[in-house]
Amino acid sequence: MASVNLCSWVQSYSIFNQASRSKYSLLPRSLPFNPLMNLSSSTSKTRGFASIPSICSVITKGDAVKEEEEQQQPQNPSFDFKTYMVQKATMINQALDSAVSLREPVKIHEAMRYSLLAGGKRVRPVLCLAACELVGGQESMAMPAACAVEMIHTMSLIHDDLPCMDNDDLRRGKPTNHKVFGEDIAVLAGDALLAFAFEHVAVSTVGVTAGRIVRAIGELAKSIGAEGLVAGQVVDINSEGLTDVGLDHLEFIHVHKTAALLEAAVVLGAILGGGCDEDVERLRKFARYIGLLFQVVDDILDVTKSSTELGKTAGKDLLADKVTYPKLIGIEKSKEFAEKLRSDSLELLQGFDSEKAAPMIALANYIAYRQN
């Protein structure tokens, strides 16, 4: 068997281990490498997270994957993932439809609903509900938070598609928001969804203590601000066209831009469901793994699938000269890294009730093996 040295291409994988060092911090506030400070239009090289120790693994293709799978918590054979996702997505869609109803001013609510109710996999809100139930909570406790996460995710898509950002014409198989309503309304629709998300958690959450609601709101805010989603987006924009961008730099982008909100979804569910600090932090780390996994798979699909298959413009990262995992390490090693993230995430679910953990296990596998 051929041996693959993961140490050489996953140098900053250990950033995930920092998730458990603080009970309440979403991401490290200060890192030895800060792309926000080191990037400029004239900069062509980046520095790495030099003082963060790397986690190096040497695996053998086939044998190692099989060995890791044998150690993982098996999926519940009686669990029907497709039925589960349909049921949860239906309930989430109903809740979103009710929360953002068509009212005055009609134009802005039409724009909000156009993107919010356009479909999508609903992975983030389903993860929020699953995490809540995993720690012993009821679905109703986390439904407003699940909706809020989807509102914020939708906001990020609307803004991402704007001409000043990714300049995309297609999203979820439909024309993007600004193509239908204009750039001005699209910006405002995203703003409105962002603001309403926090209002919805604050006023609509029931059966949960005020302290946990406040803690959840704080987590959500941090995940999308200048230390979360926005940080990743800024570094992503400033990285276009740069040469010699390392894996640590790429990981910074994806941990913040993609994984942070997905992490928040899981953590919010665990907090609102009454999870203890230990369980919340274990699920935080699980979410960070699958959050990065989601983006690695996204990078792979962007260069291996068509626009019709994806429901969005394929190959746009390549055209924009963005740094991606396939660009840095190739498609095959990107797939190996995705498998490593998947297996490591499932190890963190060991010790939870197997029936309650079944949706989380299935969701991790779905993220890893999805085709769009």
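- Note: Y84 and F81 have parallel aromatic rings, judged against thresholds of 30 and 60 degrees for the angle between ring planes.
- Under the 4.5 Å side-chain criterion, counting only non-hydrogen atoms from C-beta, E240 is not in contact with V323.
- Residues H109 and S101 bring no donor and acceptor atom of their side chains to less than 3.5 Å of each other.
- Grouping the Ile, Leu, Val, Met, Phe, Trp and Tyr side chains by contacts below 4.5 angstrom, directly or via other members, places M112 with V180.
- Interatomic distance, CE of M360 versus CG of L346, reported as 10.5 Å (0.5 Å rounding).
- Geometrically, K174 engages Y114 in a cation-pi contact defined by less than 6.0 Å to the ring centre and at most 45° from the axis.
- P359 and A130 get closest at one heavy-atom pair: CB-CB, 4.2 Å.
- When all heavy atoms are compared, the tightest approach of G273 to M141 is CA-SD, 4.3 Å.
- Judged by distance alone, the side chain of D353 and the main-chain N or O of E355 form a donor-acceptor pair under 3.5 Å.
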- Task: Could you give me the CA-CA distance, side-chain angles and deciding distance for V208 and I271, then say whether side-chain contact (heavy atoms from CB on, under 4.5 Å) is met?
- Result: CA-CA 9 Å; V208 181; I271 291 172; over 6 Å; no
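- For the pair M143 and I92, the minimum side-chain heavy-atom distance is below 4.5 Å.
- For R122 (side chain) and G119 (main-chain N/O), a donor-acceptor pair under 3.5 Å exists by modelled atom type.
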Contacts table for residues 152-159: side-chain donor-acceptor under 3.5 angstrom, sequence neighbours left out:
from	atom 1	to	atom 2	distance (Å)
H153	NE2	R124	NH1	3.3
T154	OG1	E150	O	2.8
S156	OG	H153	O	2.6
H159	NE2	V187	O	3.1

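- Using a 4.5 Å cut-off between side-chain heavy atoms of Ile, Leu, Val, Met, Phe, Trp and Tyr, V106 falls into a hydrophobic cluster with L102.
- Residues I224 and L194 are in side-chain contact: their nearest non-hydrogen atoms beyond the backbone lie under 4.5 Å apart.
- A salt bridge does not link D184 with K107: none of the charged nitrogens is closer than 4.0 Å to a carboxylate oxygen.
- In terms of hydrophobic clustering, with Ile, Leu, Val, Met, Phe, Trp and Tyr side chains grouped at heavy-atom distances under 4.5 Å, I237 and V230 are assigned to different clusters.
- Salt-bridge annotation for D298 and K121: absent, with no side-chain N of the basic residue lying under 4.0 Å from a carboxylate O of the acidic one.
- Interatomic distance, CE of M85 versus OG1 of T83, reported as 11.5 Å (0.5 Å rounding).
- Under the 4.5 Å side-chain contact rule for hydrophobic residues, L117 and V149 share a cluster.
- Residues forming a side chain to side chain donor-acceptor pair (under 3.5 Å) with T90 (at least two apart in sequence, or on another chain): none.
- Of the residues D97, L96, N93, N177, the one that meets the side-chain contact (heavy atoms from CB on, under 4.5 Å) test with L116 is L96.
- Under the side-chain contact (heavy atoms from CB on, under 4.5 Å) rule, V235 has a single partner from K257, H256, H249, which is H249.
- By the 4.0 Å N-to-carboxylate-O rule, E263 lies close enough to R284 to be salt-bridged with it.
- Between E339 and Y369, the side chains place a donor N or O and an acceptor N or O closer than 3.5 Å (distance only, hydrogens not considered).
- Here the side chain of S204 pairs no donor or acceptor atom with the backbone of V201 at under 3.5 angstrom.
- A heavy-atom distance below 4.5 Å is found between the side chains of I331 and V303.
- With contacts defined as side-chain heavy-atom distances shorter than 4.5 Å, the pair Q295/L250 does not qualify.
- Few gaps surround CD on E139; more than 12 heavy atoms of other groups in view lie less than 6.0 Å from it.
- If you take CD1 on I290 and CG on D344, they are separated by 13.0 Å, rounding to the nearest 0.5 Å.
- S334 is not listed as a side-chain neighbour of D299, based on a closest heavy-atom distance of 4.5 Å or more.
- Between P163 and E183, the closest side-chain pair of non-hydrogen atoms falls below 4.5 Å.
- Atom NZ of K356 and atom CZ of F79 lie 14.0 Å apart (nearest 0.5 Å).
- Judged as a side chain to side chain contact (heavy atoms under 4.5 Å, CB included), and not counting sequence neighbours, V214 has no contacts.
- Counting only distance, with no hydrogens or angles, the side chain of R370 and the backbone of N365 share no donor-acceptor pair below 3.5 Å.
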- Item | Test log, rule side-chain contact (heavy atoms from CB on, under 4.5 Å), inputs E251 and Y325 | CA-CA 9 Å; E251 184 180 287; Y325 281 96; 3.9 Å; yes
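- For the residue pair T258 / H254, no side-chain donor-acceptor distance below 3.5 Å is found, with atom types taken as modelled.
- The closest side-chain donor-acceptor pair between D169 and T176, if any, does not fall under 3.5 angstrom.
- The minimum heavy-atom distance between I185 and A111, with the atom names listed, is CG2-CB, 3.6 Å.
- Remark: side-chain polar atoms of S223 are paired, donor with acceptor, to backbone N or O of L220 under 3.5 angstrom.
- Annotation: ring pair (Phe, Tyr, Trp, His ring centres under 6.0 Å) contacts involving residues 214-233, sequence neighbours excluded, are absent.
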- Message: Run the side-chain contact (heavy atoms from CB on, under 4.5 Å) test on I367 and V123 for me, step by step, so that the C-alpha distance in whole Å, both residues' side-chain angles and the decisive distance to 0.1 Å come before the verdict.
- Response: CA-CA 9 Å; I367 288 172; V123 169; 4.0 Å; yes
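- Checking side-chain atoms of T304 against main-chain N and O of I300 turns up a donor-acceptor pair under 3.5 Å.
- For L293 against A364, the heavy-atom pair with the smallest separation is CD2-O, 3.9 Å.
- Separating the CG atom in L272 from the SG atom in C128 is a distance of 6.5 Å, to the nearest 0.5 Å.
- Considering every non-hydrogen atom in both A338 and V297, the closest pair reads CB-CG2, 4.4 Å.
- When the ring-ring contact (aromatic ring centres under 6.0 Å, His included) test is applied to F294, no partner is found at least two apart in sequence or on another chain.
- A 4.5 Å side-chain heavy-atom check between L283 and V267 finds every atom pair outside the cut-off.
- Taking both residues in full, the closest heavy atoms of H178 and D161 are given as CE1-O, 2.8 Å, listed atom of the first, atom of the second, then distance.
- Judged by distance alone, with hydrogens and angles left aside, the side-chain atoms of T205 form no donor-acceptor pair with the main-chain N or O of A202 at under 3.5 Å.
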- Query: Are E219 and R212 close enough, and set up right, to give a salt bridge (charged side-chain N to carboxylate O under 4.0 Å, His left out), and what steps lead you there?
  - Reply: CA-CA 10 Å; E219 287 278 353; R212 285 188 177 269; over 6 Å; no
- Task: Show the numbers, then the answer: is there a side-chain contact (heavy atoms from CB on, under 4.5 Å) between L162 and N167?
- Result: CA-CA 5 Å; L162 289 169; N167 192 25; over 6 Å; no
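- For the atom pair L134 CG and L127 CG, the distance stands at 11.0 Å (nearest 0.5 Å).
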